[in-house]
Every structure is written in structure tokens, then in C-alpha cells.
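Structure first, then comments.
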Amino acid sequence: MINKSLNGMHVAIVGGGTAGWMAANLLKHHCKDAQITLIESDKLDPIGVGEGSTPYLKQFFQTLGITDADWMPECDATYKAGIRFPGWSTVAGFTSYFHPFYSQLDIPTAERFFTNSKQALSEGANPVHPDDYFVNQPLAAQGLAPISDSLATDVDFGYHFNAAKLGQFLKKHAQKLGVHCIVDHIDSVETCAQDGRVTRLLSEKNGPLNADFFIDCTGFHGLIGRKTFQLPVKSYSDYLFNDRAVTVMTPAQECLRSETTSTALQHGWAWQIPLYTRTGNGYVYSSRHCSPEQAQSELLNHLGVAGQDFPVRHLKMSLGRLDEHWHKNCLSVGLSQGFIEPLEATALMLVQYTVDMFIKHFDANKPVLANNQNLVNKNVNTLTDGVLDYICAHYRMNTRSDTAYWRECREAPMPDNLARLVQAWRSGCGFEQTLHELRGELAYLRPSWYVLFAGMGCFNAANGARQIDRQAAEQCQQTAQQYFGDQRELLTRYAAQSRAGVCN
């Protein structure tokens, strides 16, 4: 994806953190002759609580030629084979399910799962719980790493990591590539009176800073896109209620389960992310239904650490996205471009996708970039809205009635594409056809939709009883035990290699 059109240009990235340094690495890797400067504020700390990823991050490191043993020890990172969802459903036998990352290993058993689910919708009970049909489920539960030297096929996985340490690792790597870092705070942005393009940044210590193109990684502040250009934001607040979070770190787990746990609580959900040296925990909740003090108390009680001296942190979230991520000579990336609550850990995927799309389509030789801008903005918006569809589905399909929060989540409006999928599923016919018709607008593929709907027991009452497909479950269990080893042992070897200087 080398873009020679960017060669010779000066690109200024405003803001560090994971988003800023991801953008810097991708730009310098693909456009080696471009001048990349990142201005990192000495007044603002990155939010740094997004500590899980999708498999898209695996591609990021492969693109840069960085191995897991290179970066994981420095970032307390662990592997993520999927996400477990306890407490979202009250259907007997379906009160918890695992959403795996799908791979070729799953094809024989997964096809049985799809067939059984379709039959259960129209004909009656079948073994339909997704935990029986995917290798990553027993792999994650037993603390195995999704890495195997004896398999001919690749296994998809994501990562857990310390976000602050990942930002620092990416900073070091970007500087090795030739990215220039300035530690300074940008006070304001100057634009051209004729065409409105950004001309320069005004900093506290270094004065005016000029560039040809600018990337806004200033978080929810949105210094260029939102504040300077005053670009409109499409709110997601009608669809998603959660706008606050409280976080706390607890000691590391002895068994490093390669899964994120997203447990439904009274007014939202709590994540648990197992890192190598600690466990990250947080409660994402709705301020309309719960106070910060109530959320903190509920989280600490949920973790069994109430009354213990664990520092907590409270955060506010703004849900929605820009319509124009690329506007004039600025690209908004990360929280500055938008945010969907972290239920499926898609934030870094959207950062990577946005920067990749920009590099692919930027053409400095065209006097008018509007056509390329429109294409990039359309594609990024399609992906973002597709993620929204899938996140919303968790809330619309919940069956809890213990609090007003869960009842209102179930009754809230649905995006149009999600409404079509839900109707097709509940009607028992046309679900595959609807998936096919919407394939260009969905961020999640066929297996994920089946796992979500079936995993929450979204069948007629007569079909809801939990049956176990013992043959499929045993096959997945055997595959996990045969090909995959203990995660902590593997990460300990990585750490030893890193200390010995074996890694590049």
C-alpha cells in the first residue's frame, strides 16, 4: 500500500496516545519519504483504558514486521481468543455464552451450529449453544494461547494490553522509523481565509508549526475537526445509553484465560481483562440510571474488593461519529473522529482502518480531493455504523427485567439494518438472505450474528432448553488440547527472549 503521492509532504499529527502513534507508524511505514511530526501534549494524559482488540491489530503488527515476542512483554500483553458474555440473557441454559474469533479450524463444527440454529428457529429444539462448536471457547477457558507451530491453518485472535505501555512502545518504534516527536501543547489552529484549510498550529513552546496535512488525534476534545472546523457529529445516544465508566486494576490472575469477560450488571456491564502483570476491570454504565458512586460500589462488590485500597478512575464518554473524518487537509482519527462504547473492543480497528483508507486513497496530484474524501468518509462511516449495529444487538436481545435500564435497552430504537436482521431471525425465515443482502454494510460476518442471537437464547420458548452437542464439543476440546499450550508459559518465554535481546 505504498503511496508515493505522500512522499515529500509534511504531515503533522496532533496528539499521541495509541491512536496518534498507530497513525504515525502506518504513515511512515507506507510513505517512507514523507516527513511525519507528532506533537504530544505535556498537559493532557491519554485516556488509555481501551485494553482489548479485535484480530485487526494482529494485521497491524504483521504490516510493521513486529512479532508478538517483540512487543507483548513490553506491554503486559496477553492473547484474546474471544469474549464471554455472562448475565445478558435470563433464558435457561443461555445465561452465558462465548463469542469466538472464527477460523478455518471451526468450519466442520460451526456448519453444524448454523444448521441446527436455522432448524431450531423453524422446527423445534436442537443443540444450538455456540459454546459447543468453536475451538476458541475451550482454548480460552483453559488459559491456552491461540498459537500453534503444528497447524497448517492460521487461528484468528486479538490481544489484551496495557494501553499506556502500548502507546510508549509504538512511540519508540515510530521514532526508529524516523518520526519526529515534539512535546508541546497546541493552543489553537490557524486556517486560510480563502479556502478554510489548516495553515499552521500555534504551540506554547515552539510557536507556529507548519505542515501540509494534519491528523487530529486529540481525543474527545477534537481540536481541529470538532473545535476548529466545527464538523457536525452524528450522535448514537438514541441507540446506546452508556456514557460513563469507572475503572480499577486488581492483581493478575494465576490462570491467564485468553478471553475478555463482559458481565452484565444492573445498569450496564463490567469488563475484566487479564494482563500478564495485572487485571484490568471497569464498569460501563448509563448516568441516566446510575450515579458514579453507585457504579463504583457495584463494581467493587462485583469484584469482591469492596473496602480494599484499590484506586478507581471515573471517565465520561461521548458516543457518536463525525460525518466527515477527512475534511479539507485534516483527518480525524481515534476518539476525535468518534466513539462507540467498548463492548466489542473495536476502537483500534477503526483507527487502523481510517488511516489505511486515507493512505490508500490520498492523491496530492489531484487539485480537488473531494471525490477521494467522499470515498474514505463513506467507507469509514459504513464500518462505524456496522459496528453500531452489532453493539446495539446485545442490548436489544437482552431478556433481563430486573432494572429499568435493561427494559429500556430492549425497547430502544434499532438502526435500520439491525431491525431487518432481528425481524428475519425472529420470523424464522430469510435470515441468510438478509445477511447476504446487507453484506456490504455489516462490520460483523455471518458467524458472529449466529453466535450472538443463538448465544442469548433468542428462540421460541419451546426451543430454548439447553442441549449439548457432545460430539462437536468433544471435537473442539480435543483440538484445543492437542494443538495449543499454556498461555502464561508462552508469554514467560517471550519475556525471557526479550530480556536476552533475542527479539529485534
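Quick note: residue numbers are just sequence positions, from 1. What you see is a predicted model, and the numbers here were worked out from it, not measured in a lab.
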Within the 6.0 Å centroid threshold, strictly below: F229 and H327: yes
Side-chain touch V376/H325, heavy atoms, less than 4.5 angstrom: no
T260 side chain to H160 side chain, donor-acceptor N/O pair below 3.5 angstrom: yes
Side-chain heavy atoms of S96 within contact of W88, under 4.5 Å: no
Y353 backbone acceptor or donor facing D356 side chain under 3.5 Å: no
Mutual orientation of the aromatic rings belonging to F169 and W71 [parallel < 30°, tilted 30-60°, perpendicular > 60°]: tilted
Distance under 6.0 Å and angle within 45° of ring axis: R446 vs F114: yes
Between N417 and Y390: side-chain donor-acceptor atoms closer than 3.5 Å: no
Heavy-atom side-chain proximity of I83 to E344 below 4.5 angstrom: yes
Check: Q35 and V11 side chains under 4.5 Å, non-hydrogen atoms: no
Under the salt bridge (Lys or Arg N to Asp or Glu O under 4.0 Å) test, residues paired with D106 that sit two or more places apart: none
Over all atoms of both residues, closest heavy-atom pair of V451 and F98: CG1-O, 3.7 Å
Presence of salt bridge, D469 and R112, under 4.0 angstrom: yes
Side-chain donor or acceptor of Y483 paired with backbone N/O of D149 under 3.5 Å: no
Option among N398, T95, T399 that satisfies the side-chain hydrogen bond (donor to acceptor under 3.5 Å, both in side chains) test with T90: T399
Donor-acceptor pair between R257 and T78 side chains, under 3.5 angstrom: no
Any side-chain donor near an acceptor of the partner, D156 and S103, under 3.5 Å: no
T384 side chain to N381 side chain, donor-acceptor N/O pair below 3.5 angstrom: no
Aromatic ring proximity, centroids under 6.0 angstrom, W449 and W425: no
Test item: side-chain donor near acceptor, E341 and Y395, under 3.5 Å: yes
Distance under 6.0 Å and angle within 45° of ring axis: R321 vs F339: no
D216 bridged to R226 by N-O distance under 4.0 Å: no
R396 bridged to E411 by N-O distance under 4.0 Å: no
Residue pair D68, Y159: steps toward the side-chain hydrogen bond (donor to acceptor under 3.5 Å, both in side chains) verdict: CA-CA 10 Å; D68 290 349; Y159 301 97; 2.7 Å; yes
